[in-house]
Number of protein chains: 4
Amino acid sequence: MGRASKGEERRAQIILALQDVMAEKGYERASIKSIAQAASINPGLVHHYFGNKQEILVSLVEDLGQRLHTRYIQQIEESEDAPRARLFAFIDAYVGLGPGADPKAVACWVSIGAEAIRQPEVRETFMRFMRDTLEQIKLRLTEVLADEGRQITNIEALASVLLASIEGSYTLAMAVPGLTPQGYASPTLKQMIVGLIEQQPLREGKESST
Amino acid sequence: MGRASKGEERRAQIILALQDVMAEKGYERASIKSIAQAASINPGLVHHYFGNKQEILVSLVEDLGQRLHTRYIQQIEESEDAPRARLFAFIDAYVGLGPGADPKAVACWVSIGAEAIRQPEVRETFMRFMRDTLEQIKLRLTEVLADEGRQITNIEALASVLLASIEGSYTLAMAVPGLTPQGYASPTLKQMIVGLIEQQPLREGKESST
Amino acid sequence: MGRASKGEERRAQIILALQDVMAEKGYERASIKSIAQAASINPGLVHHYFGNKQEILVSLVEDLGQRLHTRYIQQIEESEDAPRARLFAFIDAYVGLGPGADPKAVACWVSIGAEAIRQPEVRETFMRFMRDTLEQIKLRLTEVLADEGRQITNIEALASVLLASIEGSYTLAMAVPGLTPQGYASPTLKQMIVGLIEQQPLREGKESST
Amino acid sequence: MGRASKGEERRAQIILALQDVMAEKGYERASIKSIAQAASINPGLVHHYFGNKQEILVSLVEDLGQRLHTRYIQQIEESEDAPRARLFAFIDAYVGLGPGADPKAVACWVSIGAEAIRQPEVRETFMRFMRDTLEQIKLRLTEVLADEGRQITNIEALASVLLASIEGSYTLAMAVPGLTPQGYASPTLKQMIVGLIEQQPLREGKESST
DNA sequence: TATGAATGAGGCTTCATTCAT
DNA sequence: CATGAATGAAGCCTCATTCAT
């Protein structure tokens, strides 16, 4: 797993530079020149490490996804072992801080969502990450439902709404700052999840709570 | 109420053309030339009606917002008079169909959210619409809570999560099509809302259902 | 001599509008649209009165020249009858106030001098005025020299330097405002002229009049 | 003092190209394309060396100013040591030949004077040069007056008229060629200066030196 | 006369990418 | 690896001029 050769370092430098510039100007307006400047390297050098601009973007998507996943793993490790705790750890990792705990990263992530609509290569990478994330949500939900004696139905839709809420909270946070209350997302999402869970019918003759 | 002078028609033509091109290529790649072509007019004419490209975008934001609001009004009129029905009408208007019942409109809306991060003029218009929408959600929620004898607390956060879920569902629908189940959003969101409502404590000694 | 028909008024309006816009932006950046706005008329109307933009400029040159000449005639009429007084009246008309007593007019005049270098039609009109002016200077100088018993030689060069000083004072006044002292030009030019005159040899042993 | 790196050469090439094109068409009509052609380089390359068109113009102003100053220094070195000779050397440098001994340079200089009215950045550079030049004139004049026992008053105004005469002679030379006699400027200006000097009162009853 | 829509050319600038050194 | 010069294609916008009404 020999990471961090000179080349890898350079690549990482460039990817982070794209993140910085893109957070400020968006993808299209992030010129190779400006990226190079942000990375403190020569413009011509960028194309030694990436075939074209889009490749940097794809790498950034991977990088941001990786960072989010890493945070999630950490939160899981620090959390209690109970299913609910693990589900909440997921929420904390993904909205408590957003991707990378970094406003720049969140801004990029929103732009990436938009770029993914048009650029197949970006979509592919973005989608892979979203699919994995959705799987995790389903896992955590199933775990909780099982643990609490609820029927496991409709998981796909529940997980989708949760994922949408997370993505949407990024958009709101960046595009309409100040409109939504500070720090509302994490606790309210947890509350919402609890609500959803408790609407699931009990597995064996028990009455559902509705 | 003389609507649609010649100039207004042209403007509408151009705004719709931006929507079409932008849905396919995104804002930055929607060139004035391609917009003019989509509108079947001369490229030079675009700047006869709009000072610059951004003005078209801002007009499109207003237009899309207006369309959504109109749909909402219609749904309200068609719905029953009960508070819950009105809240659900809101959901149907905003996610049952997305902005404009039109995939193009949804694609644009996601891009607009991203552009709003960087372009103050776009943000302003986008934000005004989001603020109004948030107010509507709060109104509808308050109505329901009052009607069902629940305490009215935490409305701001509840509404924010709902708004985020809607926005996020647009992003998922366009950027990772097929990942989430068809038509999941509207019913699941309603379910989620019910869950959230029923977690609100009762106003007078009655037991909450949790 | 029926002046001021409706058409003539419109033309004058447009010419003055060019002056206003040109003073602020220069000739090339004075668009037909901005000229029309300054004239409070419709852009399309401009080409009813002038074949093209250059024609307006040529008319402006004529207009400014006319104004200057008119001022000169007035000053002459108000001045004493002595040759020196008439020469000084010339100076007062041309630099005491500049063309039209109007900073805008002076700014235009400097630009016109530059445009005359490249545009033959402008040069022709500009040159006609300059030739007439030079003739006036020579007349006034000859008059003075004759009156003061000086030999009349070198008039052409003397007049040219005087004309150059006037033109140069416009450039300095507009391009480097504040660099030269307020109101220096008129008295100092008079002083310079006196110096030049008194260097002319006497015609027949008479003493100079100073 | 390593002058003329590759980049500096290119810059100089472009600046001279602007001079050539501008002499023929004026600043606004000197397109980047035509400048590139005159410099025998690719149009896109121009913006590799200059941020925008105006920067080229400002550089040209500096370049022309430098050339004039250099000529003046040379004339001074070649002239006698007497104050009058030095003052006359100034005149020869500035009008005997015009800026750069080059009609193109003179044509540009006139246009620059006009552009300076509108473009602050151009004005600043133009003004700096004019200020320096005015200082030189004052120096030379003071020197002469001191040497010839004249009172040193009114220097500012005398110098201003001289500077105006020089600038004006450029305008006349380019805008109305043939109107003024060939080569009139230098000798007549000298004559005018002598006239001005000899009008200055003597410091202490001494006779003037003429 | 008057309006303002329409045309089409061209200008400045930006930029991804390639290449010589 | 690294530099930064070079290329050429767009892109946005401005504008003089024409034209239908």
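Order of the sequence lines sets the chain letters (A, B, ...), proteins ahead of strands, with each chain counted from 1.
A close approach under 4.0 Å does occur between a side-chain nitrogen or oxygen of Tyr49(D) and OP1 or OP2 of dA6(F). Using a 4.0 Å cut-off, no side-chain N or O of His48(C) falls inside it from OP1 or OP2 of dT1(E).
Listed nucleotides: dT1(E), dT17(E), dC12(F). Nearest to the side chain of Lys53(B): dC12(F).
Annotation: side chain of Lys53(B) is in contact with side chain of Tyr27(B) (closest heavy-atom distance under 4.5 Å). No side-chain heavy atom of Val61(C) sits less than 4.5 Å from a side-chain heavy atom of Phe129(C). At a threshold of 4.5 Å between non-hydrogen side-chain atoms, the residues Gln19(C) and Asp63(C) do not count as touching. Here the side chains of Ile56(A) and Val46(A) are in contact, with some heavy-atom distance below 4.5 Å.
Taking every heavy atom of both residues into account, Cys108(B) and Leu60(B) meet most closely at SG-CD2, 4.2 Å. Between Phe50(C) and Ser59(C) the shortest heavy-atom distance is CE2-OG, 3.4 Å. Smallest separation of non-hydrogen atoms from Ala105(C) and Arg67(C): CB-NH1, 4.3 Å.
Taken residue by residue, residues 21-42 of chain A places heavy atoms nearer than 4.0 Å to DNA chain F at Asn42(A).
Per the geometry, CD belonging to Gln13(D) stands 13 Å off P belonging to dA5(F), to the nearest Å. Atom NE2 of His47(C) and atom P of dA16(F) are 8 Å apart (whole Å). We find that CD of Glu8(A) is positioned 10 Å from P of dC1(F), with the value rounded to whole Å. Rounded to a whole Å, the CG atom of Asn52(C) is 17 Å from the P atom of dC15(F). Rounded to an integer number of Å, the gap from Ile14(C) CD1 to dA16(F) P is 14 Å. In this structure, CG of Leu45(C) is placed 15 Å from C1' of dA5(E), rounded to the nearest angstrom. In this structure, CZ of Phe50(B) is placed 18 Å from C1' of dT14(F), rounded to the nearest angstrom.
Between dT21(F) and dT1(E), the distance separating the two C1' atoms is 13 Å to the nearest Å.
Taking a cutoff of 4.0 Å between a charged side-chain nitrogen and a carboxylate oxygen, Arg29(C) and Glu28(D) qualify as a salt bridge.
Axis angle across the helix from dA2(E)-dT21(F) to dT21(E)-dA2(F), with five pairs used at each end and values rounded to 10°: 0°.
Atom NZ of Lys33(C) sits in a sparse spot, with 12 or fewer heavy atoms from other residues, nucleotides or ligands closer than 6.0 Å.
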